[in-house]
**Q** 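Below is one structure. I have some questions about it.
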Amino acid sequence: ADKGEKKHKGKSATILGYPISIFFIVVNEFCERFSYYGMRAVLVLYFKYFLQWDDDFATTIYHTFVALCYLTPILGAIVADSWLGKFKTIVYLSLVYTLGQIIMAISAIHDITDHNKDGTPDDMTLHIALSMVGLLLIALGTGGIKPCVAAFGGDQFEDHQEKQRSTFFSIFYLSINAGSLLSTIITPILRAQECGIHKKMQCYPLAFGVPAALMVVALIVFIVGSGMYNKTAPQGNIIVKVCRCIGFAIKNRSRHRSSQHPKREHWMDWADEKYDKLLIAQVKMVLKVLFLYIPLPMFWALFDQQGSRWTLQATTLNGNFGFMTIQPDQMQTVNPILILVLVPIMDSVIYPLIAKCKLNFSPLKRMTVGMFLAALAFIAAALVQIQIDGTLPTFPSSSESQAKFINMVDRKLDIKAGINDVPLEPYMGSPDYLTFTDTFQLQLGPNANYSASLDKGNRSTLVVVEDGALPRFLNGFNADLNITSGEVLFGVTVKNNISAVRNVLVLTGVFSCYTSAKFSIKGAGPGQECFFEQQFGFGSSYTMIIKPNFTFGADNSIQPVMDMSPNTVHMAWQIPQYFLMTAGEVVFSVTGLEFSYSQAPSNMKSVLQAGWLLTVAVGNIIVLIISEAATLDDQWAEYILFASLLVLVCIIFAVMAYFYTYMDPAKIEAQFAERKPEELEPDEKDRKKIHDHDRSYMLTRSK
């Protein structure tokens, strides 16, 4: 015993009163959170631009992944407490986690299947399969270790180190926010870089690779501290015990439905034949709080769309802030920044001010206000979306076609297309696309009349317009030209033909004020090369006309024609919705956890933690159901739908909170502590009674 005690003290070597082991745990948590939030920050754009999924499907898969991340903590807690212990669970699931991050990074390498070297994967199925395997492993890993790391850190302290333990948890959660904040700033910058063997494209492998490297570091750091940890043996999982107690009560109640059995005060009292009265009383307290959790998933359904719908919304906004350019996925950093600002303001200013006004701002009322603020955030998002929709071009429906006309003649043309008059100066294009529902007459001159028919649901193939700053070159020079921009080959364009390149996005420099691309134009002869530079606004699209009088060395013979105007709605308009959502999170989430812990029995904090994480998972499931089920054509209408649902749920929660009676778990447990042990255990008669009933029940079932 003495040797064991000395060994324990050796493990608990301290610095400034803190066990050395906790420093490894804090560094591990920082790296792991950087890895998770960094990968998640760019995930929806990876779905949209690399895997080429539409917004709805990208949103569905994103929220399916997040839901899995919050379902697996229950599995991790059960494995740690009932089988492996916290240390082994963290190590084994971190290996799974790291493997998933590495697979995600590999899945984003377009050169793996880019056999024709055009920058687009030729076997998208392989990339999708790798991505799904990677995300599944990440969800299992991050969710599985979530309930273990903080609790394992708490195990490193002894009873007389209560103050240090409290400080540790503050530092621990600070490391979470620090990892989240830095990763959501850095990984979008990495994504915006260009990389590739054959052709430079957006660098998703780097954006996923750095989080994978941080996860490797997290695992190594955690294992290095192994010899210093205080490792407690598995002692059984309270969640399993609670579930068994509830299950027995339900089963026992269903077997005693006849009137000959007297009713009991609470349906959980039907478990007292098998379980002690203290456990039953504790389960009753937990169930009372869990009942209040029923409306909460709707809040998370809105909250977690910051990483999906709001990020996709940011792709249609102008991110030029003058001194720097903000990437769409970097807007998510507003949330952790505002948390660091609003938490101390709420605790030090707002709540004390409300208390001085003698207003009863109870925890449940705070949570109600938080839900209402989240609904307001989505109304703000809807207003921004309406402004965006007003600036976006109108694309043809399935029964319509659109065409744009470019004058490649060195004189003014008066084109008539159907009922539309289109006057065009030399080497200029029509300002807008014209919409047609049927075959139309096209008059290009007095003796040039044609009957034109275009593909339904498409724009004219003369100029192809897509999202992003996307140039096309139309060659009027009487020779072939080879045009490149960096590593992007626009191909050899021949006279009066559009360049064959498709889906090539000219990337925005991270700190440039506007998108700017420099093109190299080469002729067949020696020394025939010149450079042309064009600046693009966010979301704009151009066709470059190379005039017949083109001469090398003079870029004035290249005429840009704007096909799609730049985004005019600024990304800063998203800040109000982020502010409202973060304020709602601070009031709702922080207060909710605080309330739950105050109402939970001393040995069942983990049960409520599991229930809280489950509400997050269900909230994300709600998003994917609505995304697939709702048939709303306008995104702003979907935002209003979510806001309306949350307001409805908010009213229901307010009514439930009104009738809720606050408990003092410590006082209730103290009452049981004063009773004799034999009074808490089930009577031997009750045990025999339930045993005989089970035996007769099984005999009946077997017949």
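Every value quoted in this text rests on a predicted model; they were computed, and no experiment measured them. Basis for what follows: all heavy atoms, side chains included, without hydrogens, waters or symmetry-related copies.
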**Q** Keeping to residues at least two apart or across chains, list the salt bridge (charged side-chain N to carboxylate O under 4.0 Å, His left out) pairs with something in residues 63-88.
**A** Lys86-Asp155

**Q** Quick check against the 3.5 Å criterion: does Thr311 have a side-chain atom that pairs as donor or acceptor with the backbone of Pro328?
**A** no

**Q** Under 3.5 Å, is there a donor-acceptor pair linking the side chains of Gln332 and Thr184?
**A** no

**Q** Checking Ser131 now: which residues fulfil side-chain hydrogen bond (donor to acceptor under 3.5 Å, both in side chains) with it, not counting sequence neighbours?
**A** Tyr46, Ser107

**Q** Please check if the side chain of Ser82 supplies one atom and the backbone of Val79 the other of a donor-acceptor pair under 3.5 Å.
**A** no

**Q** Run the ring pair (Phe, Tyr, Trp, His ring centres under 6.0 Å) test against Tyr293 and tell me which residues pass, sequence neighbours left out.
**A** Trp612

**Q** May I ask you to decide if Phe222's main-chain N or O and Tyr229's side chain share a donor-acceptor pair within less than 3.5 Å?
**A** yes

**Q** Identify the residue among Phe588, Phe378, Phe642 that makes a ring-ring contact (aromatic ring centres under 6.0 Å, His included) with Phe299.
**A** Phe588

**Q** Has Gln101 got a side-chain atom pairing as donor or acceptor with Tyr97's backbone, closer than 3.5 angstrom?
**A** no

**Q** Check step by step if side chain to side chain donor-acceptor pair (under 3.5 Å) holds for Gln635 and Gln313.
**A** CA-CA 9 Å; Gln635 184 57 51; Gln313 184 187 65; over 6 Å; no

**Q** Provide the full list of salt bridge (charged side-chain N to carboxylate O under 4.0 Å, His left out) pairs with a residue in residues 143-154, sequence neighbours left out, each pair given once.
**A** none

**Q** What pairs of donor and acceptor atoms, side-chain ones from residues 649-659 against any protein atom, are under 3.5 angstrom apart with sequence neighbours left out?
**A**
none

**Q** Do you know which of Leu373, Ile575, Ile379 makes side-chain contact (heavy atoms from CB on, under 4.5 Å) with Leu580?
**A** Leu373

**Q** Checking Asn335 against Glu585: is there a side-chain donor and acceptor pair closer than 3.5 Å?
**A** yes

**Q** Output yes when Lys277 and Asp272 qualify as a salt bridge under the 4.0 Å nitrogen-oxygen rule, no when they do not.
**A** no

**Q** What's the verdict on side chain to side chain donor-acceptor pair (under 3.5 Å) for Gln156 and Ser21, showing C-alpha distance, side-chain angles and the deciding distance?
**A** CA-CA 7 Å; Gln156 307 310 305; Ser21 56; 3.3 Å; yes

**Q** Would a distance-only check, ignoring hydrogens and angles, find a side-chain to backbone donor-acceptor pair under 3.5 Å from Tyr662 to Gln599?
**A** no

**Q** By side chain to side chain contact (heavy atoms under 4.5 Å, CB included), which residues pair with Leu632, not counting sequence neighbours?
**A** Ala630, Ala637, Glu638, Leu641

**Q** Under the side-chain hydrogen bond (donor to acceptor under 3.5 Å, both in side chains) definition, can you give me all pairs with a residue in residues 368-381, not counting sequence neighbours?
**A** none

**Q** Just distance, no hydrogens or angles: give the donor-acceptor pairs under 3.5 Å from side chains in residues 61-70, sequence neighbours left out.
**A**
from: Tyr62; atom 1: OH; to: Arg40; atom 2: NE; distance (Å): 2.9
from: His63; atom 1: ND1; to: Asn620; atom 2: OD1; distance (Å): 2.8
from: His63; atom 1: NE2; to: Ser308; atom 2: OG; distance (Å): 2.7
from: Thr64; atom 1: OG1; to: Thr60; atom 2: O; distance (Å): 2.8

**Q** With no hydrogens and no angle check, is any side-chain donor or acceptor of Ser627 less than 3.5 Å from a backbone partner on Thr59?
**A** no

**Q** How would you list all residue pairs meeting salt bridge (charged side-chain N to carboxylate O under 4.0 Å, His left out) that involve residues 173-189, not counting sequence neighbours?
**A** none

**Q** If we ignore hydrogens and angles and just use 3.5 Å, is the side chain of Thr333 paired with the main-chain N or O of Gln330 as donor and acceptor?
**A** yes

**Q** Determine yes or no for a side-chain-to-main-chain donor-acceptor pair under 3.5 angstrom, with Thr582 supplying the side chain and Tyr578 the backbone.
**A** yes

**Q** Checking Asp56 now: which residues fulfil salt bridge (Lys or Arg N to Asp or Glu O under 4.0 Å) with it, not counting sequence neighbours?
**A** Arg309

**Q** List in chain and number order the residues that pass side chain to side chain contact (heavy atoms under 4.5 Å, CB included) with Ala382, two or more places apart in sequence or in another chain; answer none if no residue qualifies.
**A** Trp636, Tyr639, Ile640

**Q** Mark yes when over 12 heavy atoms from residues, nucleotides or ligands other than Phe579 sit less than 6.0 Å from its CZ; otherwise mark no.
**A** no

**Q** Indicate yes or no for a side-chain donor-acceptor contact from Gln574 to the backbone of Trp310 under 3.5 Å, with no hydrogens or angles considered.
**A** yes

**Q** Do Phe157 and Phe168 make the cut of ring centroids closer than 6.0 angstrom?
**A** yes

**Q** Just so I know, are the side chains of Leu219 and Leu95 near enough to count as touching, which here means a heavy-atom distance under 4.5 Å?
**A** yes

**Q** Does NZ or CZ of Arg366 come closer than 6.0 Å to the centre of the six-membered ring of Tyr351, within 45° of the ring's axis?
**A** yes

**Q** Which residues pass the ring pair (Phe, Tyr, Trp, His ring centres under 6.0 Å) test with Trp53, not counting sequence neighbours?
**A** Phe47, Phe57

**Q** Taking all heavy atoms of Ala374 and all of Leu646, pick out the closest pair and write down the distance.
**A** CB-CD2, 3.6 Å

**Q** Measure from the side-chain N and O atoms of Gln164 to the backbone N and O of Tyr18, and report whether any donor-acceptor pair falls under 3.5 Å.
**A** no

